[in-house]
Each structure stands twice: as C-alpha cells, then as structure tokens.
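Hydrogens, waters and symmetry mates are skipped; everything else that's a heavy atom, side chains included, is used.
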Amino acid sequence: MTGYLLKNCAAIIVDDSNGPAVRRNADLLTSGPAIQAIGQNLSQEALPADTIVQDASGWFVYPGLVNTHHHFFQCFVRNRADLDWTKLSVIEWLDRIYPIFSRLNEDCFYHSSVTAMAEMIKHGCTTAFDHQYCFPRHAGKRLIDRQFEAADLLGMRFHAGRGGNTLPKSEGSTIPDAMLETTDEFIADCARLIDSYHDAGAFSMRQVVVAPCQPVNCYRETLVESVALARDRGVRLHTHVGEGESPVIQARHGMRTVDYCAELGFAGPDSFYAHCWELTHDELRKMAASGTGVSHCPEPVYLVGAEVTDIPAMAAFGLRIGLGCDGAASNDNSNLMHCIHSAYMLQCLTASTRAHPVPAPVDFLSYATTGGASLLGRNDIGRLGPGMAADLFAIDTRRMDYVGTRHDPLSLIAKVGIGMPTDLTMINGRIVWQAGEFTGLDEGQLFAAAEAALATVEF
C-alpha cells in the first residue's frame, strides 16, 4: 500500500471542520487512499518501506477540487463562434445546439470524457460530477459505462449524473426526436447503472446520481419517478433550475420551477440544482429551508448576459453552494480552478448592487471543496486532514507569478488565479499528474485518439 511523505510544504490548507486554515512549513503523510498525518517535522523513521518521500519545498498544498456540474460530451462542441450566446436566449441557444449534440457517437462520448477529465486533473480537480443527458439513439445506452471506463483510465473520482429528456419537441421541449427517451427507458437505465456501479462506501471512486436534464424538457412523471428511484436506492438527485426556464414552467404548471420541483419532492438534502441565476430571494430561502443545494457555474453567466447569480444572498440564507465548470459548449474549458477566480470576480462586479456583501475569497475555495463534497453527499473528500481521502493538488509558488501573493494561500486562487497546471495532483492516494505528465499515460496518444474520434462526426 504505497504512501507518500510530502516534506517541507510551504503551506498546507487544512480544515478540521471549523473552516480552512494554513499550516506553514509542514509535512503531509499518506498511506493508501487516506491522509495519515499533517504536521511539522514528521518522522521518516518507521515508515513503511514503500513510502515515497517527496521534497515539497515552496509548495502550497490544497484539497482536491470537487466539480459539481459539467457536460463532458460538450468538449466536442466548443469554440463555436457561430453559436453566439450574446444574441440568443438560453431556450433559443438550446434549440440550435441540441441538433449538433445529437450527431455524437459512442466513441465521442468516451473520448470527450477523457478530454474533460484530463483537463480537470491538470488543474487540481480530483472529483468530477458529470451531467450526461445526451443519449442519441444511434449511440446506444452504454455511454455512462464508457465514462466510468474513462475515469478508470485517468484515476478520477467520478460521480455520474444519468440525465435524460422525455418531452417531445412537439409538446414544447427543445429536444430533437433523436435524443428523446421514454420515462421507463430513462428510469430503467438509471437503475441499471446504480446496480452496476454505485459504491456508497468510504473513498468510493464510483457513484451514480439520478439527474433528469431539466423540468422544461421532461414530463412530470419523469421527475416523480426519478425521486422515487433515488430515494429507494439512497442516491442523489440533480437537475437544471433557474436558467431562463421559469416563465415556461409557470405557463405550463401555474408555478415557477423551484415550487414545481418542491411539489414533486425533487428537493431536500439529497438534491442539488445547477445554475439558479434567475431565482428570487423567496425561492432561495425555500431552497435553504429544504436543504436543497446549488451548483454555481460562473462561466455561462458571462455568455447569457442576464443576471449574475446572487451568491451573496445564497450564502446569507445558508444555502449549500458548490461550483461547476458547466458544459464546454457554454464554457469552452474544463478548468474548475479558473472558475473559482471567475466566480469571485463576477461577484465583485455586482457588489454595489447587492443587498448582501460578497463572501470572502476563501469562501469561493470552500465552494469548490467542502461545498462540492456536501452537494455530492461525501464526508471523506473536500478537505485535508487525517482520515480524509488523499485527494490534493500542489503548486510550486517559487515563480514570478506569485511574488507578493504568498502571504495568503487561502485567498490566492480566488483573488489572483492560477494560470498554469498544477505541479502535482493526487487522487485517492495515487499521483495521477506530476511535472507536466499523466502517470503511466502518453498525453500525445490521448490527444490523437480524441481528435480521431472527433473527426468521425460531421458538424
């Protein structure tokens, strides 16, 4: 059971459940999947023979980031300047881009997953939740199986959101017929995936979330059956809420989306929504009261050009908040580290218009770590401490980029931003990225295989 001793770390960001704090000039010891100790001058005597000692002088060591909303497959539909968000509403944009999504094949879903997870790992993300709702009929039903295969290849801790869309375009959705499923199809495959992959144990590397794509594109029964299955199997629930669809839900059901989901039972401590930028303070208070969480995805806010998500109000009301990259069709990258900086800067932009103050920079780091762990129902990831999963990343700060910043490791990522890959990323006690290379993998070969898969689709 290989372990690592990171010696002489310039700073380690720890959390004993009282919030993040900094340990200066300290060591960190791992054994197998877990952290064993953090402290100054940890003894190298009596360590197991397979413990690898790593000089970490100058390193800032952070808990691994936890991504709570993404669409991996969209890595194959990005950098499309013709799909101009600035001239389209969300619903109009979906109408244009879903037919493009529907052309992807099974290999595209696998290689786009490798692409997204590889970029996340490079930038310190150790746990990824993906909302995979695109199931073109020609691509088959084993798309999430292939995602688990991709996660295994890279060593990523992976929570798979089995999404789906059931409402036909003829009844008001934005979904091409080629991407539609019945409620029975969707629920049956959710159950299959839970039975095949979901591991609720400590240090689990594989979990499944029941995640119908969005209420605006699903029948009511789809959400009702999703709630019944998730509660029966003890798994999480997820969907898109508050990203421009509330007027449509109001017209269809006589209430906005938050109340609609609550009426169906799609709310509570086991549920979290993506986006939520258009929600009222009353709706945010209802979510907080029910324990429902929110995955804030800052990058699409720039593109939609509508409201900046009211993170200060969410924090003031006590909502559980995580961060997500969102799909690359609206973000164009899979860099959660960048999202921490982006999320903070967005709130600074609107600070003078808010009723509540912008949370401290360190809080944005917490949204991407302990906040994300909370949304995913994990108490073994998201912070560094003895007994926690050995999920972490390290940055060698002995560079010109960090002159004048090193006095405050807690605020560094939100306030300054990290403009390069990490020097090391560890997941479940295994180094998966170090010194510019994926452990045991050839990035050139991964790139070539992904490009070849992309070339099989005509857009």
Is there a donor-acceptor contact under 3.5 Å linking the side chains of Y260 and Q250? no
Has R96 got more than 12 heavy atoms of other residues, nucleotides or ligands less than 6.0 Å from its CZ? no
Any luck finding a side-chain donor-acceptor pair between D107 and N105 under 3.5 Å? no
Which is it for E225 and T183 under the side-chain contact (heavy atoms from CB on, under 4.5 Å) test, yes or no, and what are the steps along the way? CA-CA 8 Å; E225 292 299 320; T183 295; 4.1 Å; yes
Donor-acceptor check, side chain of T456 to backbone of A453, threshold 3.5 angstrom: yes or no? yes
In terms of heavy-atom contacts, does CG of D195 have more than 12 from other residues, nucleotides or ligands at under 6.0 Å? yes
Salt bridge or not for K169 and D177, using N-O below 4.0 Å? no
Do F148 and Y110 have ring centres separated by under 6.0 Å? no
Does a donor on one side chain sit under 3.5 Å from an acceptor on the other, for D363 and Y344? no
Spacing of N379 atom CG and T370 atom OG1 [to the nearest 0.5 Å]: 12.5 Å
Step by step, would you call R162 with E181 a salt bridge (Lys or Arg N to Asp or Glu O under 4.0 Å)? CA-CA 12 Å; R162 205 309 186 175; E181 297 180 288; 2.7 Å; yes
Evaluation steps, side-chain hydrogen bond (donor to acceptor under 3.5 Å, both in side chains), between Y219 and E171: CA-CA 10 Å; Y219 284 116; E171 296 184 38; 2.8 Å; yes
Can a donor-acceptor pair be found, under 3.5 Å and without considering hydrogens, that links the side chain of T222 to the backbone of T166? no
Do R146 and F109 meet the cation-pi criteria used here (NZ or CZ under 6.0 Å from the six-membered ring centre, within 45° of the axis)? no
Test side-chain hydrogen bond (donor to acceptor under 3.5 Å, both in side chains) applied to T239 and Q214, step by step: CA-CA 5 Å; T239 192; Q214 52 200 146; over 6 Å; no
How close do M314 and C276 get, heavy atom to heavy atom, and via which atoms? CE-O, 3.7 Å
Among C339, S342, C75, C297, which one satisfies side-chain contact (heavy atoms from CB on, under 4.5 Å) with N331? C339
I would like to know whether H123 and N333 meet side-chain hydrogen bond (donor to acceptor under 3.5 Å, both in side chains); could you show each step before the answer? CA-CA 11 Å; H123 297 282; N333 67 59; over 6 Å; no
Within the distance-only criterion (no hydrogens, no angle test), does the side chain of N67 pair as donor or acceptor with the backbone N or O of C325 below 3.5 angstrom? yes
Should D152 and R206 be marked as a salt bridge (Lys or Arg N to Asp or Glu O under 4.0 Å) after you check the CA-CA gap, both sets of side-chain angles, and the distance that decides it? CA-CA 9 Å; D152 287 349; R206 292 176 163 186; 2.5 Å; yes
Salt-bridged, D391 to R383, with N to O below 4.0 Å? no
Minimal heavy-atom distance between W433 and T422, with the atoms involved, is NE1-O, 3.0 Å
N/O donor-acceptor pair under 3.5 Å between S196 side chain and L193 backbone: no
Identify which one of H69, H131, H296 satisfies the ring pair (Phe, Tyr, Trp, His ring centres under 6.0 Å) criterion when paired with H275. H69
Under 3.5 Å: donor-acceptor pair, side chain of Q207, backbone of V209: no
Can you tell me if R236 uses its side chain to pair, donor with acceptor, with the backbone of A230 under 3.5 Å? no
Run the side-chain contact (heavy atoms from CB on, under 4.5 Å) test on I418 and H338 for me, step by step, so that the C-alpha distance in whole Å, both residues' side-chain angles and the decisive distance to 0.1 Å come before the verdict. CA-CA 7 Å; I418 306 298; H338 181 263; over 6 Å; no
Quick check on salt bridge (charged side-chain N to carboxylate O under 4.0 Å, His left out): which of E263, E283, E245 does R256 satisfy it with? E283
Between E278 and S246, does any side-chain donor sit less than 3.5 Å from a side-chain acceptor? yes
Checking side-chain polar atoms at under 3.5 Å, does N217 have a donor or acceptor matched by the opposite partner on T174? yes
Within 45° of the axis and under 6.0 Å from the centre of the six-membered ring of F317, does NZ or CZ of R285 qualify? yes
For C261 and V241 the tightest heavy-atom approach is SG-CG2, 4.2 Å
Could you walk me through whether F272 and F129 satisfy the ring pair (Phe, Tyr, Trp, His ring centres under 6.0 Å) test, starting with their C-alpha distance in whole Å, then the side-chain angles of each, then the deciding distance to 0.1 Å, before giving a yes or no? CA-CA 12 Å; F272 64 107; F129 167 80; 5.4 Å; yes
cation_pi(R378, F203) dist<6.0 Å, angle<=45: no
Run R320 and S374 through side-chain hydrogen bond (donor to acceptor under 3.5 Å, both in side chains) and show every step you take. CA-CA 7 Å; R320 295 181 301 124; S374 174; 3.1 Å; yes
For a quick test of reading the model, state the closest non-hydrogen atom pair linking P300 to S330 and the distance between them. CG-OG, 3.7 Å
Taking the side chain from T68 and the backbone from S295, do they hold a donor-acceptor pair closer than 3.5 Å? no
So, the side chain of T405 versus the backbone of L412: is there a donor-acceptor pair under 3.5 Å, distance only? no
What is the ring orientation for F101 with Y98, classed by angle as parallel under 30°, tilted 30 to 60°, or perpendicular over 60°? tilted
Please examine the side chains of I13 and V61, heavy atoms only from C-beta on, and report whether any two atoms are closer than 4.5 Å. no
List the steps and the verdict of side-chain contact (heavy atoms from CB on, under 4.5 Å) for H341 and I413. CA-CA 6 Å; H341 178 58; I413 298 175; 5.6 Å; no
Worked verdict on R103 versus E458 for salt bridge (Lys or Arg N to Asp or Glu O under 4.0 Å): CA-CA 8 Å; R103 298 170 198 167; E458 186 174 335; over 6 Å; no
Any chance you could measure R430, atom CZ, to T30, atom OG1, to the nearest 0.5 Å? 13.0 Å
Tell me if the aromatic rings of F73 and Y133 count as close, with their centers under 6.0 Å from one another. yes
Indicate the atoms forming the closest heavy-atom contact of I381 with R157, along with that distance. CG2-NE, 3.7 Å
Where do A313 and L284 come nearest, in terms of heavy atoms and distance? CB-CD1, 4.2 Å
Please assess E185 against K141 for the test salt bridge (Lys or Arg N to Asp or Glu O under 4.0 Å), listing each intermediate value before the final yes or no. CA-CA 10 Å; E185 278 182 285; K141 295 293 190 193; 3.2 Å; yes
Can you tell me if H238 and S271 form a side-chain donor-acceptor pair at under 3.5 Å? no
side-chain contact (heavy atoms from CB on, under 4.5 Å) assessment of I144 paired with F135: CA-CA 10 Å; I144 287 180; F135 284 83; 4.1 Å; yes
Decide whether D130 and Q147 meet the rule of one side-chain donor and one side-chain acceptor closer than 3.5 Å. yes
For the pair S204 (side chain) and D199 (backbone), establish whether a donor and an acceptor sit closer than 3.5 Å, ignoring hydrogens and angles. yes
